[in-house]
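For reference, the structure is listed below as structure tokens.
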There are 4 protein chains.
Amino acid sequence: MQILKDEIRNKILDVAENLFYQNGFRDTTTRSIANEVGISVSNLYLYYENKEAIFYGVTDRFYEYFVSGFEAFLDHHDKNITMDVCISHYIRKIISTDQKKFVIITDKSQGTKYEGFKQQIISILSNHMKTQLNNNLVQDELVIYILAKNFFEGIIEIAKNYKNEHWLESNINTLVKYHMKGMGELM
Amino acid sequence: MQILKDEIRNKILDVAENLFYQNGFRDTTTRSIANEVGISVSNLYLYYENKEAIFYGVTDRFYEYFVSGFEAFLDHHDKNITMDVCISHYIRKIISTDQKKFVIITDKSQGTKYEGFKQQIISILSNHMKTQLNNNLVQDELVIYILAKNFFEGIIEIAKNYKNEHWLESNINTLVKYHMKGMGELM
Amino acid sequence: MQILKDEIRNKILDVAENLFYQNGFRDTTTRSIANEVGISVSNLYLYYENKEAIFYGVTDRFYEYFVSGFEAFLDHHDKNITMDVCISHYIRKIISTDQKKFVIITDKSQGTKYEGFKQQIISILSNHMKTQLNNNLVQDELVIYILAKNFFEGIIEIAKNYKNEHWLESNINTLVKYHMKGMGELM
Amino acid sequence: MQILKDEIRNKILDVAENLFYQNGFRDTTTRSIANEVGISVSNLYLYYENKEAIFYGVTDRFYEYFVSGFEAFLDHHDKNITMDVCISHYIRKIISTDQKKFVIITDKSQGTKYEGFKQQIISILSNHMKTQLNNNLVQDELVIYILAKNFFEGIIEIAKNYKNEHWLESNINTLVKYHMKGMGELM
DNA sequence: AATGAATGAGGCTTCATTCAT
DNA sequence: GATGAATGAAGCCTCATTCAT
């Protein structure tokens with residue numbers, strides 16, 4: 001019976017992932033999840049406490065994974081490779097394995113505890129960029145924040161359109177180069 | 001002796017503008033508007049036909065203004081000034097008068113007739129950029145689309161943080177220069 | 001000021017009569033009355049206590065008139081003229097002077113104290129007919145009731161389509177003759 | 001193990017049939033239905049999509065049945081039996097099985113897709129009658145229309161009072177004979 | 001007397017969640 | 001473990017009626 005249970009448990013996550021990805025947390029109904037899984041709505045509540053718990057079932061592990069990788073990236077990036085290559089690597093790994101979760105947690109999480117996650121990431125990125133720039137020329141921190149935001153949302157957009165590894169590499173590289181060049185302007 | 005008390009009529013628009021700005025059309029309830037205005041929900045309907053009408057009360061005039069300016073910008077940009085200066089001018093005018101409406105109509109309008117407005121603008125911008133680039137080096141149109149999106153959302157972000165004219169000018173100029181430089185990378 | 005007041009008082013009745021006639025009591029809003037009169041809704045309540053009172057303002061006097069005439073007709077119909085002529089006379093008088101009120105009170109009064117008026121009239125007519133027939137052949141009183149109803153609703157229908165005196169006379173005569181002949185079948 | 005408890009599903013239809021029959025579609029509230037069934041209003045929506053769907057749950061099947069029978073009657077009435085017998089048969093079948101539905105669909109359907117159904121039937125009957133009469137003596141088509149209406153509403157009234165087969169037969173026969181005789185007057 | 005302004009009750013509908021078998 | 005059944009809270013909207021000036 002344990003196997004069957006896990007099967008359903010996972011199918012719920014699968015279905016929910018797709019629905020959250022398409023419609024976001026707020027606009028995904030428990031009914032639509034249950035229907036697509038092929039079980040009753042009340043049965044859903046035997047597996048997960050409530051709608052939010054399903055969301056966290058989809059996202060929590062990825063969140064840990066993403067954050068730890070992100071912190072690693074911030075703390076000690078390998079000095080042998082340039083920063084752009086490093087970024088590109090990290091992002092590609094995330095997207096190629098967890099494209100949908102990445103989009104969900106950053107862009108479809110209104111109504112959950114991850115609501116502000118995207119903002120946090122962008123703020124961290126922004127602070128990081130500030131330390132890289134001798135930004136005595138930048139009057140306001142906002143511009144850097146915006147560029148961090150631009151960059152991160154560019155990545156989200158790429159994630160939304162993910163096709164294959166090669167496509168991903170080339171698009172991310174272009175995006176990274178673009179921003180590197182643009183940032184040169186600010187120094 | 002006015003037909004309806006302008007004070008409240010305007011307070012409704014004010015309150016609604018702020019709530020739409022914070023939560024978007026979908027997630028703003030008539031109750032929240034009424035509560036914050038300090039009237040009953042049913043009284044709201046004395047001033048506006050329905051929730052959508054309140055939204056359009058906030059946005060319609062701005063929409064006309066925005067679109068006409070945007071078309072003018074696309075059609076005949078003054079050859080005496082460079083494009084970046086031209087963009088900067090237009091945007092500054094919009095933001096300094098209507099920052100919130102600009103954000104609402106582009107980013108908080110799900111459930112209204114302006115739902116697709118931001119996408120339209122970005123698509124137009126994107127196409128415009130493609131004609132400027134000899135983009136034989138750009139493998140995928142997505143990148144250009146993302147950069148148009150980046151640019152436009154950068155502007156939205158600036159709008160969200162608007163402080164004063166001088167601040168606005170300098171931030172927009174920086175953003176424009178940044179993207180101009182970045183686009184150089186794609187040619 | 002008294003004159004002005006009466007003017008409005010009467011205009012309200014006029015307008016209400018038309019609206020009740022078109023839409024019935026239930027589906028006529030106080031707003032629509034006030035709008036068409038050209039006054040505010042609240043002003044309506046200075047003239048009449050509530051929507052029902054307006055209805056009775058339109059109908060009460062007619063009700064008295066109708067009932068007294070009807071009773072007279074039942075009690076002592078002139079022996080010099082035949083019953084059909086008598087009926088025809090009475091009905092024509094009612095319809096040519098108060099066509100709309102007649103329809104309203106009999107067919108548009110749901111939600112008022114006259115709700116059951118049509119039924120009452122029909123019942124009385126039905127009883128009256130029973131005394132005229134030696135109805136040992138009629139198994140069930142229902143048929144007579146139906147014929148009374150048929151007859152009365154035929155009259156309502158004629159009232160709804162009232163054009164002029166001549167038209168009225170000829171149509172009522174036809175209807176009366178029809179039913180007289182039909183009733184012959186029951187004797 | 002049925003998808004929805006048929007008992008309640010049917011009780012809703014039963015209750016709704018009675019309420020529609022008494023108050024019509026417009027003036028029957030979802031609350032009154034739910035109260036009388038003994039469930040919550042929201043539970044109603046588990047069984048039927050909305051108020052209109054409940055109405056159609058009550059009426060749709062009957063509508064098909066009624067119309068097909070009616071068309072058959074108009075198209076090829078058996079030449080071996082006279083028209084009055086034919087009518088009588090058809091109507092008796094309808095009423096003995098579905099008296100209330102018959103009344104609801106013809107007389108209580110304002111606000112639904114069957115709103116105009118009674119008028120249609122009466123118009124068809126009226127036209128049918130006109131072809132039967134050499135009506136050079138009838139000044140106005142209204143009278144024929146009224147008689148068609150009378151006849152049809154007589155049937156509705158009989159439906160409202162239905163007791164048993166024998167009662168039905170005798171009442172309908174009387175009504176039909178009555179109108180046949182009355183129509184003789186118009187030729 | 002007049003009216004602009006206000007409102008509570010009620011109507012339809014959706015949805016997350018719980019109950020009972 | 002599964003699910004059919006149930007529900008309360010909330011959302012949008014209308015309307016008769018009342019309040020305050």
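Each chain gets a letter, A, B and so on, in the order its sequence line appears, and its residues count up from 1.
- Rounded to a whole Å, the CG atom of C:N50 is 18 Å from the P atom of E:dA9.
- For the pair B:R9 CZ and E:dA5 P, the interatomic distance rounds to 10 Å; values are reported in whole Å.
- Checked options D:T106, D:D60, D:T59; the residue passing with D:Y114 is D:D60 (criterion: side-chain hydrogen bond (donor to acceptor under 3.5 Å, both in side chains)).
- Under the 6.0 Å cut-off for aromatic ring centres, C:F20 and C:Y56 do not qualify, their centroids lying 6.0 Å or more apart.
- Taking every heavy atom of residues 11-30 of chain D and every atom of DNA chain F, no pair lies under 4.0 Å.
- We find that NZ of A:K51 is positioned 14 Å from P of E:dT18, with the value rounded to whole Å.
- Residue C:Y47 places none of its side-chain N or O atoms closer than 4.0 Å to OP1 or OP2 of E:dA1.
- Contact between the side-chain N/O atoms of B:Y45 and the OP1/OP2 oxygens of E:dT7 is not found at any separation under 4.0 Å.
- The OH atom of D:Y48 sits 13 Å away from the P atom of F:dA6 (whole-angstrom rounding).
- Sequence order on DNA chain F of the closest nucleotides to A:L44 and B:N43 puts A:L44 first from the 5' end.
- Between A:K5 and the phosphate of F:dG1, there is a side-chain N or O to OP1/OP2 separation shorter than 4.0 Å.
- Distance CD1 (C:I33) to C1' (F:dC15): 12 Å, rounded to an integer number of Å.
- With a 3.5 Å ceiling on both atom-pair distances, the Watson-Crick or G-U wobble partner of E:dT21 is F:dA2.
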Could you walk me through whether A:Y47 and A:N10 satisfy the side chain to side chain donor-acceptor pair (under 3.5 Å) test, starting with their C-alpha distance in whole Å, then the side-chain angles of each, then the deciding distance to 0.1 Å, before giving a yes or no?
CA-CA 10 Å; A:Y47 292 91; A:N10 290 328; over 6 Å; no

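- Residue B:I8 is the one, among B:I8 and D:S42, whose nearest nucleotide of DNA chain E lies closer to the 5' end (criterion: closest heavy atom).
- Between the CG atom of B:L46 and the P atom of F:dT18 there is a distance of 17 Å, rounded to whole Å.
- Expressed to the nearest 0.5 Å, how far CD of A:E17 lies from CD1 of A:I33 amounts to 12.0 Å.
- Using a 4.0 Å cut-off, some side-chain N or O of B:S40 falls inside it from OP1 or OP2 of E:dT7.
- Positionally, the nearest nucleotide of DNA chain F for A:G38 lies more toward the 5' end than for the other of A:G38 and C:V41.
- As a whole-Å value, the separation of C:E52 CD from F:dC15 C1' is 15 Å.
- We find the CD-CG distance between C:E7 and C:D14 to be 11.5 Å, quoted to the nearest 0.5 Å.
- Rounded to whole Å, the distance from CD on C:E49 to C1' on F:dA16 is 13 Å.
- A cation-pi arrangement is not found for A:K101 relative to A:F62, the charged atom failing to lie both closer than 6.0 Å to the ring centre and inside a 45° cone about the ring normal.
- When the side-chain nitrogen and oxygen atoms of D:R31 are compared with OP1 and OP2 of E:dG11, one or more of them lie within a distance under 4.0 Å.
- A salt bridge links B:K118 to B:E153: one of the charged nitrogens lies within less than 4.0 Å of a carboxylate oxygen.
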